[in-house]
Amino acid sequence: MSNIQAQDQEIYEAIEREKRRQAEGIELIPSENYTSEAVMEACGSVLTNKYSEGYPGKRYYGGQENIDTIETHAINRAKELFGAEHANVQPYSGSPANTAIYFALLEFGDTVMGLKLEHGGHITHGLPIAFSGRAYNFVQYEVNIETGRIDMENVRKMALENKPKMIVAGYTAYPRDIEWKKFKEIADEVGAITVADISHTAGLIAGGALQSPVPYFDVIMTTTHKTLRGPRGAIILCKEKFAKAIDRAVFPGLQGGPHENAIAGKAIAFKEAMQPEFKQYAEQVKKNAHHLADELKKRDFKLVSDGTDTHLLLIDLTNKNVPGKQAQDALDEVGMTLNKNTIPGEPRSPFDPSGIRLGTPAITTRGMKEPEMERIAQWIDKVISNIDDKALHAQIKEEVKEMCLGFPVPGIAT
Ligand code: DSN
């Protein structure tokens, strides 16, 4: 950081403060993680200087010999890691990747099925005010309010009624495993293309801790910075027959020059995810989530679907009489970061919903295990049960910091 320090004090100080925040606090946002220092080096490398529109071996500018090597490694490793026929590693992030898939395989106005946002879907899965909801005729399925789970019979009924051209599965706030095979069977009945958004669970799938949609689905996309622990960005995997359409939709359909610094980071992250330690990581993420769920349930927290199969927990705080935003703010004060979230059948507003969403990918990267999950559950309970007790919050903040300093974050000296 010496160059930033010498040249730009404002940015230097903000980054230093962010380092402290990350080191001294508990990161429970389920979509966040810590990349390795190797990934960060790639992202901050000279690759940021280069333009490389096109694909390896077919670029529009000169000087591509090293860029082609890097992007080819990223493509081959993505294919190997997930067992996919084709990979495009250029999407800037998850929303552009999903938009590219729709642009490649649909006409504007086509009917698509996706999960409703307040039931755990994503804005790109057909939110009416988002591009996806405006450009395509999204018919949105829901989870069963009683069980918190996707009702596959209802999905089938909706598919038969609406005859979608595409069905999207894979979510941002759904704690349960997904029945990929069943989705594929339903899609086959109506001739729909299957798209899996595994942004949240890609690391668990790559590490063998969750089932993969790759054997069943036509197209699979994921961001690379969540459980997969790579740089910010995304990839699209697909069957060979969709490869040309997907590649054309990403470039030149939607994007210009790919961010090759991020693509190098993706290549490194894929290599890391192929190591035996990553399998252990994926298993521990799940074990930690289960343990945290059990510890919270002991303390009378109500979990949507009554638990988790993944890295993610969705808590309905209605019985605690504390809305999601107040819980998020109070936990933020003690150094525990998570996010307020709607729950299925949300009676309040998305800006001040009834729930909170949390997960274990980042804390597991730091090496936290079951004993730490117990302490985290205790602190969450104490804060939420004593929401206005500032003195108690100050004391918990110190305890949180003390525990965190025993679990270093990659790239941050403590
Ligand atoms: N922002 C991501 C998440 O937190 O789940 C989804 O895009």
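First listed ligand is number 1; within each ligand, the first listed atom is number 1. Values in this document were obtained by computation on a predicted structure and should not be read as measured data. One-based numbering along the sequence shown.
- By the criterion of a heavy-atom distance under 4.0 Å, the side chain of Arg357, and not its backbone, is placed next to ligand 1.
- Of the candidates His200, Lys226, Glu32, His122, His200 brings a heavy atom nearest to atom 5 (O) of ligand 1.
- Salt-bridge check for Lys279 with Glu283: failed, with every basic side-chain N at 4.0 Å or more from each acidic carboxylate O.
- With salt bridges taken as basic N to acidic carboxylate O contacts below 4.0 Å, one links Arg156 and Glu189.
- Under the side-chain hydrogen bond (donor to acceptor under 3.5 Å, both in side chains) rule, Gln22 has a single partner from Glu18, Glu24, Arg20, Lys19, which is Glu18.
- Set against the non-hydrogen atoms of Thr172, the atoms of ligand 1 under 4.0 Å away are 5 (O), 6 (C).
- Summary of contacts: the protein heavy atom closest to atom 3 (C) of ligand 1 is Ser31 OG, 3.3 Å.
- Figure legend: Lys325 and Phe351 shown without cation-pi pairing, the cationic atom not lying both under 6.0 angstrom from the six-membered ring centre and within 45 degrees of its axis.
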